[in-house]
Amino acid sequence: MSEVDDVVESGGSGVCLVTGASGYIGGRLVPELLEAGYRVRCLARSPEKLRDQPWAGQVETVRGDVTDAASMAAAMEGVDVAHYLVHALGTGRDFERTDREAARIFGEQAQRAGVGRLVYLGGLTPPGVPERELSPHLRSRAEVGRILLASGVPTTVLRAAVIIGSGSASFEMLRYLTERLPVMVTPRWVHTRIQPIAVRDVLRLLVGAAALPSDVSRAFDIGGPEVLTYVEMMRRYAAVAGLPRRLIVPVPVLTPGLSSHWVGLVTPVPAAIARPLTESLRHEVVCRERDIEEYVPNPPGHPIGFDRAVDLALQRVRDAGVATRWSSASVPGAPSDPLPTDPDWAGGSLYSDVRERRAEVAPDALWDVVEGIGGENGWYSFPLAWAVRGWLDRLAGGVGLRRGRRDARRLRVGDSLDFWRVEELERGRLLRLRAEMRLPGLAWLEMYVDEDGTGGTRYRQRALFHPRGLLGHLYWWSVSPFHAVVFGGMARNIVRAAERTRPPG
């Protein structure tokens with residue numbers, strides 16, 4: 001079912017290029033563009049991350065990077081509309097420079113290729129606040145919008161505040177803060193006025209913006225029908241979710257930095273992502289105009305109100321129908337090197353812990369346990385050790401163990417899975433996870449399921465670690481004494497869990 005419930009009345013035509021298709025908004029926009037009649041080309045640094053998307057067979061996927069002019073020139077050939085949905089936030093202190101350069105390259109290559117329109121989703125900025133006083137996140141978003149508008153290509157910049165939708169970082173932050181803390185000591189920004197918008201309306205406007213007249217090139221504020229403070233949003237969320245009324249006590253001493261760590265401790269959203277979100281809430285973010293409605297009229301029931309947006313998001317969560325999550329895109333700064341095919345690692349060190357067990361069940365029963373690992377099901381060994389490792393990762397600024405799963409039963413390449421990411425998936429045979437926790441090296445966990453030739457099933461598990469420097473070697477040897485408990489117990493308990501599913505004979 002379409003996110004936007006068939007509210008885009010006019011069919012599209014031509015080719016749309018979508019950057020950021022592995023991310024939260026991009027992954028949801030692609031099927032909406034297809035449904036509206038557009039042909040879609042997706043740009044991805046790692047196209048294999050998109051192969052398990054339900055729409056993968058309906059799009060063209062090209063390898064490229066917005067910071068690489070040559071790959072962008074190739075990607076722009078024959079494109080009518082290009083959606084810019086990427087940013088470099090969290091990649092380092094120079095992320096603003098990276099965003100600036102990427103936007104410049106994108107605009108230049110679009111202009112040279114004769115692209116008819118650019119569409120960019122930016123951030124709603126507060127009126128009357130000098131740009132230098134904005135958070136780096138909002139300041140960079142505003143600058144990217146200006147660069148694209150100056151590219152010579154007709155450009156639509158949609159500026160949104162908090163996006164409410166299943167799996168969005170803003171919604172997850174609101175959800176966990178409200179559900180986990182009946183009494184909250186909160187920072188001052190909870191009294192800032194905000195105009196949230198439902199993700200369905202964002203997608204509807206991103207699709208509609210592709211068909212704007214060629215003489216329209218400007219920024220538009222977009223928001224829902226209500227202006228609320230964060231306190232009101234938490235209390236309204238509690239009411240929709242059927243929770244008791246929350247007691248909220250704001251205090252002036254929580255700076256944005258402290259707030260981000262506080263959010264990181266309570267919610268699955270790590271501090272690195274929470275900080276730009278909380279910094280952006282220091283100033284009022286309310287629409288100053290609603291001119292986009294002249295070009296993309298609101299259908300009945302839109303824009304969606306806050307309570308309805310929360311109810312729709314919660315329904316998606318309950319039905320395990322979350323198409324994308326804030327963690328769909330790779331975590332900034334996380335390792336991205338694929339597992340090498342050279343078993344000798346070109347002469348370098350590659351430590352491994354290998355476990356094998358025989359299972360008295362059919363391969364598909366064992367695979368169901370393997371594919372369901374993580375999230376609410378846990379990791380089948382020494383829960384305290386996994387919990388401690390997750391907390392240590394949080395303290396080090398990592399993602400921790402609370403990202404969970406997008407879907408309770410099925411995985412896709414590119415899915416986040418607690419502090420891992422699915423790097424390879426051969427359904428029924430192989431699941432390979434790449435570690436995204438903070439480590440002095442690169443790490444993978446592989447799980448294989450195969451017939452053993454005697455009527456049973458073989459389970460094989462490999463933990464691999466490529467150390468970085470002396471610290472990496474010391475790390476491996478310091479944790480290796482616990483491998484028998486953690487990895488040995490994991491292999492044993494996965495097999496036992498599968499065997500318990502056997503019907504009585």
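The basis for the numbers below is simple: all heavy atoms, side chains too, and nothing from hydrogens, waters or symmetry mates. Start at 1 with the first residue, then count along the sequence. From a predicted model like this one, the values you see are computed outputs, not experimental measurements.
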Any carboxylate oxygen within less than 4.0 angstrom of a Lys/Arg side-chain nitrogen, looking at E424 and R51?
yes

Tell me whether D201 contacts the main-chain N or O of A198 through its side chain, where contact means a donor paired with an acceptor under 3.5 Å.
no

Taking all heavy atoms of V153 and all of A110, pick out the closest pair and write down the distance.
CG2-C, 3.9 Å

Has D80 got a side-chain atom pairing as donor or acceptor with V15's backbone, closer than 3.5 angstrom?
yes

Heavy-atom donor-acceptor pair, T457 side chain to V361 backbone, under 3.5 Å
yes

Shortest non-hydrogen separation from I304 to P225 and the atoms involved:
O-CD, 3.2 Å

Indicate whether the side chain of W379 and that of D418 have a donor and an acceptor atom separated by less than 3.5 Å.
yes

Does the side chain of T67 come within less than 4.5 Å of E101's, by heavy atoms?
no

Evaluate the side-chain proximity of R421 to E423: yes if any heavy-atom separation is below 4.5 Å, no if none is.
no

Value for OH (Y380) from CE (M490), rounded to nearest 0.5 Å, stands at 9.5 Å

Backbone N/O of E371 and side chain of R427: donor-acceptor pair under 3.5 Å:
no

Ignoring hydrogens and geometry, is there a side-chain-to-backbone donor-acceptor pair from R405 to I373 under 3.5 Å?
yes

Is the backbone of S140 close enough, under 3.5 Å, to the side chain of D99 for a donor and an acceptor to pair up by distance?
no

CG (L431) and CE (M447) are apart, to the nearest 0.5 Å, by 4.5 Å

Basic-acidic side-chain contact under 4.0 Å: D307, R236:
yes

Checking Q195 side chain against G224 main chain: does a donor-acceptor pair fall under 3.5 Å?
yes

Residue pair L50 / A56: nearest heavy atoms and the distance that separates them:
O-CB, 3.3 Å

Please confirm whether the backbone N or O of V422 pairs with a side-chain atom of D415, one donor and one acceptor, at under 3.5 Å?
no

Does anything in residues 96-124 form a ring pair (Phe, Tyr, Trp, His ring centres under 6.0 Å)? List the pairs, not counting sequence neighbours.
Y84-F106, Y84-Y120

Flag side-chain contact, heavy atom, 4.5 Å: M233 against I164:
yes

Can you confirm whether L430 sits close enough to R460 that some side-chain heavy atom of one is under 4.5 Å from a side-chain heavy atom of the other?
no

Kindly check if the number of other-residue, nucleotide or ligand heavy atoms within 6.0 Å of CD (E376) is above 12?
no

Any chance CD of E451 has more than 12 other-residue heavy atoms, nucleotides or ligands included, within less than 6.0 Å?
no

Side-chain donor-acceptor pair under 3.5 Å between R28 and S166, yes or no?
yes

Find out whether P54 and R412 are in side-chain contact, i.e. whether some heavy atom of one side chain is under 4.5 Å from a heavy atom of the other.
yes

Decide yes or no for V370 and Y459: does some side-chain heavy atom of the first lie under 4.5 Å from some side-chain heavy atom of the second?
yes

Test item: T19 side-chain N/O and C42 main-chain N/O as donor-acceptor pair under 3.5 Å:
no

Test of understanding: with salt bridge (Lys or Arg N to Asp or Glu O under 4.0 Å), list the residues that count as partners of R63, not counting sequence neighbours.
E48

Taking R117 for its side chain and V81 for its backbone only, find out whether a donor-acceptor pair lies under 3.5 Å.
no

